[in-house]
Amino acid sequence: MEQTKITKPMLEIEVVTHRYGAVTALENVSLVAGRGEFLTILGESGSGKTTLLRIISGLEQPSEVVKLKIGGENVVGVPPAKRNCTTVFQNYALFPHMSVLENISYGLVVRGVPKEDAKRAARRALETVRLGGFDARSVSQLSGGQRQRVAIARAIVTQPAILLLDEPLGALDERLRLDMQTELVDLQRELDTTFIYITHSQEEALAMSDRIVLMRSGKIEQLGTPFDLFDRPSSVFSAKFMGFENLMSGKVVEQRGDLTMVELSGGTVIAGVPESHRAFNPGTKVEVALRAERVTPVKGARPAGTSLNVVEGRRIDQRYRGKYSDILVETTAGTLKIRSWDLASLPEEFDFVSWRAEDCIILPTVA
Ligand code: ADP
Ligand code: MG
């Protein structure tokens, strides 16, 4: 799968399990991150994201592990300071009594780097995070965004092979968070360092990552590119987490070329595509996932097309969401949600709704 594409692994994790007493925080997690990759660990609160990061950094010793390597070297049992990675935390964890420059150079000084060299490197790191000239400032005189930049400068100054970031933008307001997302991606490209980035926000994951690991209760639910997660969810859980608004229950009736025909519980038959590399036998119970923004209302003649699903539909409700509006439609395929960013161009009344078969992801029903 995706893992085989990694030719130069920077991080290799094989079958890690971690328990806190009776709680299993991670179960049989295996993962490879490439050199210079931006890998995001996505998942809801309590899914094991921080535990995974703490195991990589060495702050936590896994209950069971087959392999844990950084840059090709075994790090099982190696203390955090001897591992070639650094963590950036959400709460910055800066030293309040030190100046900005001292905060950043500290890590080098304790490693025995001569003071002047450490200062020079710290100034360069400050430039990199666009805080040139802030050397003498006290940490208490900085805004939240500036503190986070200092924390990042402090982490990159030691030139780690892997930078671990645990929801680093979580405490910032939305506008600043969006700016910092772009800055972090630019920084990652510039440094060409492997970033392992934790977030619970699917938007953030989609906007920043080369690949995304979606966690669920301590296990990897899906691993893939942002495109895979957004357009090719591999389970009902992934589809829901990634914001597929419409889920229709039915059973497979037949295969027609590339398309799989599904009879919905109301009797309507629609065409879809199975989630990757899967074929469903006729009679299999399935869920069909469809993004609200892929459904189009149509007024007048019934649209035609072999890979187009068309059902009769009428508007029953509409909700203003600011950037977009959600329209609820009563259809022969059940109640569907349509999402529109351009309400003005939608017909006031409509006769049908349509969507492409490729946008219908057929997923196994979970028992
Ligand atoms: P996330 O970062 O995704 O929110 P965590 O890795 O922090 O998740 O937690 C995973 C699970 O392990 C949760 O059920 C959490 O309550 C539990 N957990 C985390 N840290 C500890 C701890 N120090 N002691 C006991 N349970 C913990
Ligand atoms: Mg966490």
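Counting starts at 1 for both ligands and their atoms, in listed order.
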Pair Glu204-Tyr197, side-chain donor/acceptor within less than 3.5 Å = yes
query = Using a distance-only test with no angle check, is there a side-chain donor-acceptor pair under 3.5 angstrom linking Thr194 and Glu37?
reply = no
key: atom 19 (C) of ligand 1 touched by protein (heavy atom, under 4.0 Å)   = yes
inquiry  = Starting from atom 7 (O) of ligand 1, what is the nearest protein heavy atom, named by residue and atom, and what distance separates them?
reply    = Thr50 CB, 3.7 Å
ask   = Counting distance only, does the side-chain N/O of Ser209 pair as donor-acceptor with the main-chain N or O of Ile212 below 3.5 Å?
value = no
request  = Enumerate the atoms of ligand 1 whose separation from the nearest heavy atom of Ala25 is less than 4.0 angstrom.
outcome  = 10 (C), 11 (C), 12 (O)
ask   = What class does the angle between the rings of Trp341 and Tyr324 fall in, given that below 30° is parallel, 30 to 60° is tilted and above 60° is perpendicular?
value = tilted
ask   = Which residue and non-hydrogen atom of the protein lie closest to atom 14 (O) of ligand 1, and at what distance in Å?
value = Val23 CG1, 3.8 Å
ask   = Heavy-atom contact under 4.0 Å between Glu44 and ligand 1?
value = yes
ask   = Under the 4.0 Å line, does any protein heavy atom show up next to atom 16 (O) of ligand 1?
value = no
query = Who's the nearest protein heavy-atom neighbour of atom 27 (C) of ligand 1, and how far?
reply = Tyr20 CD1, 3.3 Å
request  = Looking only at distances, please establish whether an N/O atom of ligand 1 is found under 3.5 Å from an N/O atom of Gly46.
outcome  = yes
request  = Anything protein N, O or S sitting under 2.8 Å from the Mg ion (ligand 2): count it and give me the total.
outcome  = 1
task = Looking only at protein heavy atoms, identify the closest one to atom 3 (O) of ligand 1 and say how far it is in Å.
result = Lys49 NZ, 2.8 Å
task = Go through the side-chain N and O atoms of Thr332 and Glu312 and say whether any donor and acceptor fall under 3.5 Å apart.
result = no
ask   = Does Ser47 come within less than 4.0 Å of ligand 1, judged by its heavy atoms?
value = yes
inquiry  = Does Arg154 qualify as a cation-pi partner of Phe95, given the criterion of NZ or CZ under 6.0 Å from the six-membered ring centre and within 45 degrees of its axis?
reply    = yes
ask   = Do any nitrogen or oxygen atoms of Gly48 come within less than 3.5 Å of a nitrogen or oxygen of ligand 1?
value = yes
query = Does any donor atom in the side chain of Thr51 or Glu60 lie under 3.5 Å from an acceptor atom in the other side chain?
reply = no
message = Please tell me whether Ser345 and Asp342 have a donor and an acceptor in their side chains that are separated by less than 3.5 angstrom.
response = yes
query = Which of parallel (below 30°), tilted (30 to 60°) and perpendicular (above 60°) describes His18 and Tyr20?
reply = perpendicular
message = Checking a contact table here: which protein heavy atom is nearest atom 6 (O) of ligand 1, and how many Å away?
response = Thr51 OG1, 2.5 Å
query = Does a donor on one side chain and an acceptor on the other come within less than 3.5 Å for Thr17 and Glu27?
reply = no
task = Determine yes or no for a side-chain-to-main-chain donor-acceptor pair under 3.5 angstrom, with Thr86 supplying the side chain and Ile156 the backbone.
result = no
note = Closest non-hydrogen contact found for Gln181 with Ala207 is OE1-CB, 4.1 Å
